[in-house]
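Take a look at the structure below.
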Amino acid sequence: TDSLKMAKQLWPGKRNGLDALCDRLGVDNSSRTFHGALLDAQLLADVYIGMTRGQDALAIDSAESQSDHQLQPLADLGAVEIFVIGASAEEMAEHEGILEGMAKSSGKPAVWNVQAVELVA
């Protein structure tokens, strides 16, 4: 999604840089003293939410306020058939080789490799 293109459609003829969008949408960018990818990405996430939904933040409401708004399913997915394509033996062996290489270079197994972590623990 091109946020600049969206901003130009929402506010044609106006400045649509990140600082201008933060000002327009009330996003606090006071800590932006330099161009930094991580900070800019966080600010852009808040700007994007403001442009698409009018929300104030990415935070999800507490359980109390959620109970006031009962969510309705968009579609009945009970009849949908899901196809699962498993990895071949060759693909699994290649994957294990990659995990072993990662474990060697880091000195410990990957946290998502449950079998190896259990062996070490």
Q) Just by distance, do the side chain of Thr1 and the backbone of Ser3 share a donor-acceptor pair under 3.5 Å? A) no

Q. Cluster question for you: counting only ILVMFWY and a side-chain heavy-atom cut-off of under 4.5 Å, with indirect links fine, are Leu10 and Leu25 together?
A. yes

Q.
Membership question, hydrophobic clusters at under 4.5 Å side-chain separation (ILVMFWY): are Met51 and Leu4 in the same one?
A. no

(Q) To check you understand the geometry: which heavy-atom pair defines the closest contact between Leu39 and Arg32, and what is its length? (A) CD2-CA, 3.5 Å

(Q) Please give me the minimum heavy-atom distance between Gly86 and Glu91, naming the atom from each residue. (A) O-OE1, 4.4 Å

Q: Nearest 0.5 Å please: distance from the NE2 atom of His95 over to the CD atom of Glu100.
A: 10.5 Å

(Q) Quick one, Asn16 and Arg24 - any side-chain contact, counting heavy atoms below 4.5 Å? (A) yes

Q: Could you go through the side chain to side chain contact (heavy atoms under 4.5 Å, CB included) check for Asp23 and Asn29 one step at a time?
A: CA-CA 8 Å; Asp23 291 341; Asn29 65 344; 4.2 Å; yes

Q) For Leu18 and Leu43, what are the C-alpha separation, side-chain angles and deciding distance, and is it a side chain to side chain contact (heavy atoms under 4.5 Å, CB included)? A) CA-CA 8 Å; Leu18 185 55; Leu43 290 171; 4.2 Å; yes

